[in-house]
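Read through the structure below, which is laid out as structure tokens, and then see the notes.
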Amino acid sequence: MDNTLFILLSFVLLFVIIVVFALLLIKKSDTISILTGTLNKLKTSFNDLDEQAKLIVKTDLELNRAQEELDKRIGGLESLQKISRLISTTLDEDEIFHRLDIALKSDLGFEKNLILIYDKEKRIRVRSEDGFSQDELRFIVSNLEKDSSLIAALGEGHTFSSVTSPAQRKELIVGLFNVEHFVISPVLTQNGIIGMMFVGNRSNALSITEGDEELISILANQIGQSLENARLFEQVFTSSQQLETKIQDRTKQLATALEEVQKISKTKTEFISAVSHELRTPLTSIKGYAAILMTGKLGAIPDEVKARLEKINTHSDNLVKLINDLLDISRIESGRAEMNYGKCNLLAMIENINDLLTPQMKEKNITWKTELAANIPEMFLDSSQIERVFINLVGNAVKFTPIDGTIQIKAELDAEKVTITVSDTGIGIKEEDILKLFDEFYRVENEINLNVKGTGLGLPLAKKIVEAHNGQLWVTSIVTEGTNFHFTLPTKKEDVIKKESLET
Ligand code: ADP
């Protein structure tokens, strides 16, 4: 019994131990699974952290690279600005390349630099280079001259670089210029491509970026503009020099021609003066003898002879007047004429002219009008000479104005001069005749002139008299409507004599 109880108790104990153990085991496995979960979570977090660390490193690297690119670009832009300023402040082509020679080496930082430009004969010339051997340069130039495909592509405005060029073009450029990395850009003007700019590096460590491509493209463009400005300036400069030479030659020719004209004019004046003097003496005798004959002291004169003698007298008078006019013209022209300047009342003079010519005007029923400014001052002039001007102008107006016409004299005053206008409602003067009107002996071909005698000396003499007073005389006219002769006279004494005192 005791044994059985003992066995029973042992079983119960064992059962209890097993249950306790089982319970302990269940609890432990729970803990293990919790721990495993935690461990997995830790692993995931660790992986995440690892990923983030990698990302940070990557981003840092990219940032560094971007910073480097940015620094390079800033450096490039500074160089670009400096070179642009250097080449745009000169208008001499050789000086532009001289400055580029220095700047490309020191500022751009490429191993090889080259600028090729067409010369006037359209041949490619090396204008600036660095880092190339002479053989390399010869090879490049001769190849470009042989194969124009690259130049044609550049001519369309494209810039090529080792970063963006298609493989075939890249291979060609790399081989031609003996580099690994490069940028080549056209030098363009308004008339198209005039050359190209190349930069490159041989070492793989010095690669080229898109920023470099942009920079070289801008610089090549700037070189094109500077060269165009220099060439335009040279053109302008050359043509202005040619123009100056032409002007100098022409001026010399004109001066020689003027001298000739002055000589001829002097000879003419002297000739007229001499001939007039020579003519005046015998004419005076002819007039004298005719007068003696007419008195009848040398015998009775038949009426027919008397009429002829009177004609001799009249013609002699006309000839004397002509000779006197000629002498006056030549005297005034040569500055030998003595003007008797004095005070003069212009308005009174105009009244006198009216009185003098009233009979002729009455004959043709011509109306005489005046419009004279009341404030015309006392003038300083040679009255007898200015009277001759009036008589000639008004006399002509009467001569060339048909019956019932009008003649008007107008006198206006401004600060320094009086302007007198003698107007008529006569036949007028054609433009082409106006141009010759003041030439000595010029008379317009018209019916009046065919019937009325004249010398063609009145107007040249009038003009010379007015000019001797430092005034001007000119004419405006409308054919069949009438003619206006205008002349000015200075109001101040010093202005009247200024010209003469300058000449003497
Ligand atoms: P003349 O009267 O002796 O011919 P002038 O020198 O005084 O010489 O004039 C030259 C010419 O100018 C005249 O012959 C005439 O044809 C023209 N002329 C001058 N004044 C007038 C005028 N008022 N109207 C039209 N023609 C004129």
Side-chain angles (χ1 to χ4, degrees), residues 268-269 272 276 279 314-333 337 350 353-354 356-361 363-371 384-411 419-468 471-488:
K268 183 203 78 178
T269 310
I272 290 176
S276 308
L279 283 175
T314 316
H315 286 299
S316 302
D317 280 346
N318 288 341
L319 265 179
V320 169
K321 188 181 172 298
L322 185 145
I323 287 167
N324 284 342
D325 282 353
L326 272 177
L327 274 173
D328 283 342
I329 288 175
S330 68
R331 274 199 213 111
I332 296 174
E333 232 170 37
I350 293 170
I353 303 296
N354 181 21
L356 199 73
L357 294 169
T358 296
Q360 281 133 294
M361 288 192 272
E363 258 177 47
K364 293 174 95 175
N365 194 30
I366 286 172
T367 310
W368 168 264
K369 280 190 188 167
T370 53
E371 199 183 311
S384 66
Q385 297 292 359
I386 295 299
E387 211 166 72
R388 280 173 96 178
V389 174
F390 272 112
I391 291 173
N392 177 267
L393 297 183
V394 181
N396 278 342
V398 176
K399 211 192 299 183
F400 296 101
T401 300
I403 45 170
D404 298 334
T406 304
I407 293 174
Q408 187 187 45
I409 303 215
K410 208 173 174 184
T419 303
I420 296 138
T421 307
V422 179
S423 311
D424 62 52
T425 54
I427 59 171
I429 309 167
K430 280 192 238 155
E431 196 64 44
E432 65 256 35
D433 290 317
I434 286 183
L435 297 173
K436 302 181 207 149
L437 213 59
F438 298 100
D439 291 352
E440 283 132 34
F441 303 109
Y442 187 75
R443 303 186 76 218
V444 180
E445 278 181 27
N446 56 37
E447 252 183 57
I448 300 177
N449 269 345
L450 281 179
N451 300 319
V452 183
K453 288 199 172 56
T455 58
L457 287 176
L459 286 179
L461 183 61
K463 191 167 161 65
K464 293 221 157 53
I465 293 172
V466 171
E467 282 168 1
Q472 285 173 317
L473 190 151
W474 69 103
V475 59
T476 53
S477 182
I478 300 174
V479 176
T480 72
E481 285 190 22
T483 303
N484 308 300
F485 278 93
H486 317 263
F487 68 96
T488 59

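Whatever order the structure lists ligands and atoms in, that order sets their numbers, starting from 1.
Using a 4.0 Å cut-off between heavy atoms, D433 makes no contact with ligand 1 at all. Looking at Y442 against ligand 1, only its backbone comes within 4.0 Å, counting heavy atoms. By the criterion of a heavy-atom distance under 4.0 Å, both the backbone and the side chain of V444 are placed next to ligand 1. When heavy-atom distances to ligand 1 are checked against a 4.0 Å cut-off, L459 comes that close through both its backbone and its side chain. Counting heavy atoms under 4.0 Å from ligand 1, residue A462 does not touch it at all. Here L393 has no heavy atoms under 4.0 Å from ligand 1, in either its backbone or its side chain. Residue contacts with ligand 1, taken as heavy atom pairs separated by less than 4.0 Å, involve N392 solely via side-chain atoms from C-beta onward.
For L437, no nitrogen or oxygen atom sits less than 3.5 Å from a nitrogen or oxygen atom of ligand 1, counting backbone and side chain alike. Polar contact with ligand 1: present for G458 (N/O pair, distance under 3.5 Å). Taking distance alone, with nitrogen or oxygen atoms compared against 3.5 Å, G428 stays at or beyond that limit from ligand 1.
Shown here are the ring pair (Phe, Tyr, Trp, His ring centres under 6.0 Å) partners of F400, two or more places apart in sequence or in another chain: there are none. Partners of F487 by ring pair (Phe, Tyr, Trp, His ring centres under 6.0 Å), not counting sequence neighbours, listed by chain and number: F390.
If you run side-chain hydrogen bond (donor to acceptor under 3.5 Å, both in side chains) between T476 and each of T483, T421, N484, only N484 comes through.
Atom NZ of K430 has 12 or fewer heavy atoms from other residues, nucleotides or ligands within 6.0 Å. Summarising the local packing, CD of E447 is surrounded by 12 or fewer heavy atoms from other residues, nucleotides or ligands at distances under 6.0 Å. Shown here is K268, whose NZ atom has more than 12 heavy atoms of other residues, nucleotides or ligands within 6.0 Å. By the neighbour-count criterion of 12 heavy atoms within 6.0 Å, atom CD of Q472 is sparsely surrounded, having that number or fewer from other residues, nucleotides or ligands. Open room surrounds CD1 on I403; 12 or fewer heavy atoms of other groups in view lie less than 6.0 Å from it.
Remark: side-chain polar atoms of K364 are paired, donor with acceptor, to backbone N or O of V398 under 3.5 angstrom.
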Practice task
Take K464 and D328 through the salt bridge (charged side-chain N to carboxylate O under 4.0 Å, His left out) test and state the conclusion after the steps.
Solution key: CA-CA 9 Å; K464 293 221 157 53; D328 283 342; over 6 Å; no
Exercise for the section: Using the salt bridge (charged side-chain N to carboxylate O under 4.0 Å, His left out) rule, take D439 and K436 through it: C-alpha gap first, then chi angles, then the decisive distance, then the call. Expected result: CA-CA 5 Å; D439 291 352; K436 302 181 207 149; over 6 Å; no
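Residue P460 places a heavy atom less than 4.0 Å from ligand 1. The closest approach between any non-hydrogen atom of G426 and ligand 1 is not below 4.0 Å.
Close approach of ligand 1 to G454 (heavy-atom distance below 4.0 Å) involves ligand atoms 3 (O). Near K399, the atoms of ligand 1 lying under 4.0 angstrom from a non-hydrogen atom of the residue are 1 (P), 2 (O). Taking every heavy atom of I429 and a limit of under 4.0 angstrom, the matching atoms of ligand 1 come to 25 (C), 26 (N), 27 (C). Residue-ligand proximity, F485 to ligand 1, at heavy-atom distances under 4.0 Å covers atoms 20 (N), 21 (C), 23 (N). The ligand atoms of ligand 1 that sit less than 4.0 angstrom from a heavy atom of G456 are 1 (P), 3 (O), 4 (O), 6 (O), 8 (O).
Across every non-hydrogen atom of G458 and N392, the tightest pair is CA-ND2, 3.0 Å.
Closest to atom 4 (O) of ligand 1, if we only count protein heavy atoms, is R443 NE, 2.7 Å. Among protein heavy atoms, the minimum distance from atom 14 (O) of ligand 1 is reached at N449 ND2, 2.9 Å. The nearest heavy-atom contact from the protein to atom 3 (O) of ligand 1 is T455 N, 2.9 Å.
When F441, F438, F400 are checked for heavy-atom proximity to atom 18 (N) of ligand 1, F400 turns out nearest.
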